[in-house]
Asks: 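Pasting a structure below so you can have a look.
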Amino acid sequence: MGINANAEQSAEEIIKGRKALFSKNYNTAKKVQSLSASGDFDEAKKLMIEMSENYKTLKNMFPDNTKEGFKTEAAPAIWEEKYAFNALMDKSASDMIQLSSVIEGSDDIKGIVGQLMWKNCKACHSKYRVEH
């Protein structure tokens with residue numbers, strides 16, 4: 001999805017698309033944790049890279065016309081603190097790439113997955129998602 005892709009999409013399509021992408025990342029994160037715990041690092045790494053790309057895409061899925069409606073769970077802070085939100089998406093993307101490079105050699109798989117993946121999920125949910 002390019003920067004101008006939103007111009008051709010309705011607010012409803014964008015909101016539903018970003019919700020689906022966040023949901024996909026959550027489901028993928030659960031798979032990453034399971035695969036990593038069982039030592040299937042090659043498959044886990046593919047999913048980490050996919051998640052990283054999804055975070056980059058998500059930065060462009062919050063145009064001004066999508067602040068409300070269609071059961072969005074996006075908090076106003078996303079638009080009020082656009083730079084900080086985008087920085088968190090960039091950090092999440094970068095951390096997934098880092099995780100893919102260190103997971104195999106880690107002595108504490110659960111800890112490194114928590115630090116480089118779940119911590120970012122929690123940071124975003126606590127600040128940029130309204131409770132539902």
Side-chain angles (χ1 to χ4, degrees):
M1 177 176 292
I3 299 222
N4 295 324
N6 293 340
E8 295 148 18
Q9 289 186 301
S10 70
E12 180 179 16
E13 290 171 323
I14 295 167
I15 290 169
K16 287 182 176 180
R18 72 183 180 218
K19 286 177 73 171
L21 198 51
F22 274 122
S23 180
K24 181 178 184 185
N25 260 13
Y26 174 68
N27 289 325
T28 303
K30 290 191 298 186
K31 289 178 191 169
V32 163
Q33 182 164 344
S34 175
L35 290 166
S36 297
S38 66
D40 190 351
F41 298 116
D42 290 340
E43 192 60 32
K45 289 176 186 181
K46 290 177 194 172
L47 295 176
M48 292 172 199
I49 292 166
E50 178 183 315
M51 286 178 68
S52 176
E53 291 303 313
N54 290 345
Y55 285 121
K56 293 175 191 175
T57 298
L58 281 161
K59 290 189 337 182
N60 296 315
M61 297 184 80
F62 291 88
D64 285 342
N65 68 332
T66 65
K67 291 180 181 180
E68 53 189 37
F70 309 104
K71 299 181 181 176
T72 184
E73 297 172 359
I78 290 174
W79 292 272
E80 295 163 2
E81 304 170 10
K82 191 66 169 167
Y83 179 82
F85 174 77
N86 285 347
L88 180 56
M89 292 297 103
D90 287 338
K91 180 183 182 310
S92 299
S94 176
D95 282 356
M96 292 310 298
I97 297 301
Q98 182 182 354
L99 182 60
S100 73
S101 69
V102 300
I103 189 75
E104 213 164 340
S106 176
D107 292 334
D108 180 11
I109 291 172
K110 185 176 181 183
I112 197 78
V113 168
Q115 183 67 27
L116 293 174
M117 184 175 70
W118 292 118
K119 188 175 179 182
N120 289 325
C121 296
K122 184 176 182 183
C124 185
H125 282 215
S126 65
K127 188 161 191 168
Y128 298 113
R129 184 179 185 194
V130 294
E131 293 191 31
H132 58 286

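Nothing here was measured: the structure is a model prediction, and the numbers come from that model.
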Asks: Lys82: which residues meet the salt bridge (Lys or Arg N to Asp or Glu O under 4.0 Å) condition with it, sequence neighbours left out?
Replies: none
Asks: Indicate the atoms forming the closest heavy-atom contact of Ser36 with Met48, along with that distance.
Replies: OG-CE, 3.8 Å
Asks: Which residues pass the salt bridge (Lys or Arg N to Asp or Glu O under 4.0 Å) test with Lys122, not counting sequence neighbours?
Replies: none
Asks: Is there a chain of hydrophobic side chains (I, L, V, M, F, W, Y, each step under 4.5 Å between heavy atoms) that links Leu35 to Phe41?
Replies: yes
Asks: Can you list the residues that meet the side-chain contact (heavy atoms from CB on, under 4.5 Å) rule with Lys30, with sequence neighbours excluded?
Replies: Tyr26, Asn27, Trp118
Asks: Anything under 3.5 Å between a donor and an acceptor, one on a side chain of residues 87-96, the other on a protein residue two or more places apart or in another chain? List them.
Replies:
{"unit_1": "Asp90", "atom_1": "OD1", "unit_2": "Lys59", "atom_2": "NZ", "d": "2.7"}
{"unit_1": "Asp90", "atom_1": "OD2", "unit_2": "Lys59", "atom_2": "NZ", "d": "3.4"}
{"unit_1": "Lys91", "atom_1": "NZ", "unit_2": "Asp95", "atom_2": "OD2", "d": "2.6"}
{"unit_1": "Lys91", "atom_1": "NZ", "unit_2": "Asn120", "atom_2": "OD1", "d": "3.2"}
{"unit_1": "Ser92", "atom_1": "OG", "unit_2": "Leu88", "atom_2": "O", "d": "2.9"}
{"unit_1": "Asp95", "atom_1": "OD2", "unit_2": "Asn120", "atom_2": "ND2", "d": "2.9"}

Asks: For Ile112 and Ser106, which heavy atoms make the closest approach, and how far apart are they?
Replies: CG2-OG, 3.7 Å
Asks: Which residue pairs satisfy the ring pair (Phe, Tyr, Trp, His ring centres under 6.0 Å) criterion with at least one member in residues 83-113, sequence neighbours excluded?
Replies: Phe62-Phe85, Phe85-Tyr128
Asks: So, taking the atom named SG in Cys124 and the one named NZ in Lys119, what distance separates them when rounded to the nearest 0.5 Å?
Replies: 14.5 Å
Asks: Shortest non-hydrogen contact from Ala44 to Val32?
Replies: O-CG2, 4.0 Å
Asks: Restricting to salt bridge (Lys or Arg N to Asp or Glu O under 4.0 Å), what partner residues turn up for Glu68, sequence neighbours left out?
Replies: none
Asks: Please tabulate, one pair per line, all N/O donor-acceptor pairs under 3.5 Å involving side-chain atoms of residues 97-105, not counting sequence neighbours.
Replies:
{"unit_1": "Ser100", "atom_1": "OG", "unit_2": "Ile97", "atom_2": "O", "d": "2.6"}
{"unit_1": "Ser101", "atom_1": "OG", "unit_2": "Gln98", "atom_2": "O", "d": "2.8"}
{"unit_1": "Glu104", "atom_1": "OE1", "unit_2": "Lys45", "atom_2": "NZ", "d": "2.7"}

Asks: I need the minimum non-hydrogen distance between Val130 and Ala75, along with the two atoms involved.
Replies: CG1-CA, 3.8 Å
Asks: How many angstroms lie between OG in Ser10 and NZ in Lys16, if you round to the nearest 0.5 Å?
Replies: 8.5 Å
Asks: Taking side chain to side chain donor-acceptor pair (under 3.5 Å) as the test, write out the residues that go with Lys19, two or more places apart.
Replies: none
Asks: Name all residues meeting the side-chain contact (heavy atoms from CB on, under 4.5 Å) criterion together with Asn54; count only those two or more places apart in sequence or in a different chain, and write none if there are none.
Replies: Leu21, Lys24, Asn25, Glu50
Asks: So, taking the atom named CG in Asp42 and the one named CG in Leu47, what distance separates them when rounded to the nearest 0.5 Å?
Replies: 11.5 Å
Asks: In chain order, what residues pass the side-chain contact (heavy atoms from CB on, under 4.5 Å) check against Lys67, with sequence neighbours excluded?
Replies: Asp64, Trp79
Asks: Kindly write out the residues that satisfy salt bridge (Lys or Arg N to Asp or Glu O under 4.0 Å) with Lys31, not counting sequence neighbours, or none if the list is empty.
Replies: none
Asks: Under 4.5 Å between side-chain heavy atoms, hopping through other hydrophobics if needed: is there a path connecting Ile109 to Met51?
Replies: yes
Asks: Looking at residues at least two apart in the chain, or sitting in another chain, which of them share a side-chain contact (heavy atoms from CB on, under 4.5 Å) with Thr72?
Replies: Ile15, Arg18, Ala74
